[in-house]
Colleague: 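The structure follows.
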Amino acid sequence: GDSVTQMEGPVTLSEEAFLTINCTYTATGYPSLFWYVQYPGEGLQLLLKATKADDKGSNKGFEATYRKETTSFHLEKGSVQVSDSAVYFCALGSNQAGTALIFGKGTTLSVSS
Amino acid sequence: EPEVTQTPSHQVTQMGQEVILRCVPISNHLYFYWYRQILGQKVEFLVSFYNNEISEKSEIFDDQFSVERPDGSNFTLKIRSTKLEDSAMYFCASSLEGEKLFFGSGTQLSVL
């Protein structure tokens with residue numbers, strides 16, 4: 001079945017460092033891909049998405065490109081801030097309401113000043 | 001900004017007991033979901049709910065689980081007879097349309 005694999009954490013960086021969190025997927029068909037973020041004490045929030053191959057999702061300085069050839073959707077940010085410390089979840093699904101999202105385990109990012 | 005609220009934040013119960021996890025979705029949303037995350041594992045889909053009926057459910061969502069929207073604002077997940085392996089963080093979510101789900105901060109269920 002469909003699945004998502006993301007890099008194990010925790011990831012520990014200094015402020016202004018470059019961030020990459022790897023995510024690869026296995027799917028039949030052409031899923032949409034998502035990154036969700038969970039800040040401490042809060043629920044998961046949609047960070048960005050891409051709905052087809054070569055699409056780039058971006059938000060708050062984060063980017064991810066839907067790579068069909070490598071079945072990847074790696075999350076990147078050029079310069080992280082302390083406020084980016086959170087758990088990041090890669091997910092796949094359809095855009096159809098009421099259907100399941102398939103998540104990875106989540107990667108904890110800790111940024112220090 | 002409107003948010004999904006879940007209560008309680010922590011629930012401890014004895015094996016075999018019934019538990020009800022409560023959620024208040026965002027008021028104009030139409031689709032409702034439950035997910036769970038066992039410690040160290042992936043966030044797993046349990047069930048989605050639309051127009052007062054289940055629209056999709058996973059293999060995890062067996063006869064021990066049920067969902068209800070009793071009064072037009074709350075959305076509940078009931079586990080009839082809890083098992084040790086039901087210990088997890090349970091997330092409620094809602095959406096107006098397809099892909100943008102809004103999640104609550106979760107209920108940590110511990111079954112002893």
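These numbers come from a predicted model, not from an experiment. We name chains A, B, ... by the order of the sequence lines, and we start the count at 1 in each one.
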Colleague: One thing to verify: whether B:Glu18 and B:Arg80 come together as a salt bridge, which I'm taking to mean a side-chain N less than 4.0 angstrom from a carboxylate O.
Modeller: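 Looking at B:Arg80 and B:Glu18, the cut-off is not met.
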Colleague: Measure B:Tyr50 against the heavy atoms of chain A and call it side chain, backbone, both or neither at under 4.5 Å.
Modeller: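 Neither the backbone nor the side chain of B:Tyr50 comes within 4.5 Å of chain A.
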Colleague: If we ignore angles and hydrogens, is there a donor and acceptor under 3.5 Å between the side chains of A:Ser83 and A:Tyr39?
Modeller: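 On atom types as modelled, these side chains do not qualify, holding no pair under 3.5 Å.
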Colleague: Measuring heavy-atom distances to chain A, does B:Gln6 have an atom under 4.5 Å in its side chain, in its backbone, in both, or in neither?
Modeller: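 Nothing of B:Gln6, per the 4.5 Å heavy-atom cut-off to chain A.
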Colleague: Let me know if A:Phe89 has heavy atoms under 4.5 Å from chain B in its side chain, its backbone, both or neither.
Modeller: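 The answer is the side chain of A:Phe89.
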Colleague: Sort A:Ser32 into side chain, backbone, both or neither according to what part of it lies under 4.5 angstrom from a heavy atom of chain B.
Modeller: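 No part of it gets close to chain B.
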Colleague: Could you verify whether a donor N or O on one side chain and an acceptor N or O on the other, from B:Asn74 and B:Thr76, lie under 3.5 Å apart?
Modeller: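 Side-chain D/A pair, B:Asn74 to B:Thr76: absent.
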Colleague: Under 3.5 Å, is there a donor-acceptor pair between the A:Thr107 and A:Gln6 side chains?
Modeller: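 Yes, a side-chain donor-acceptor pair sits under 3.5 Å.
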Colleague: Against chain B, label A:Gln45 side chain, backbone, both or neither, depending on which of its atoms sit under 4.5 Å from a heavy atom there.
Modeller: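 For A:Gln45, there is no contact with chain B at all, as no heavy atom is under 4.5 Å.
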Colleague: Verify the cluster assignment for B:Phe49 and B:Val4: are they in a single hydrophobic cluster under the rule of side-chain heavy atoms below 4.5 Å apart?
Modeller: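 No, B:Phe49 does not connect to B:Val4 through the hydrophobic network.
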Colleague: Using heavy-atom distances under 4.5 Å, tell me whether A:Gln38 contacts chain B through its side chain, its backbone, both, or neither.
Modeller: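 The side chain, not the backbone.
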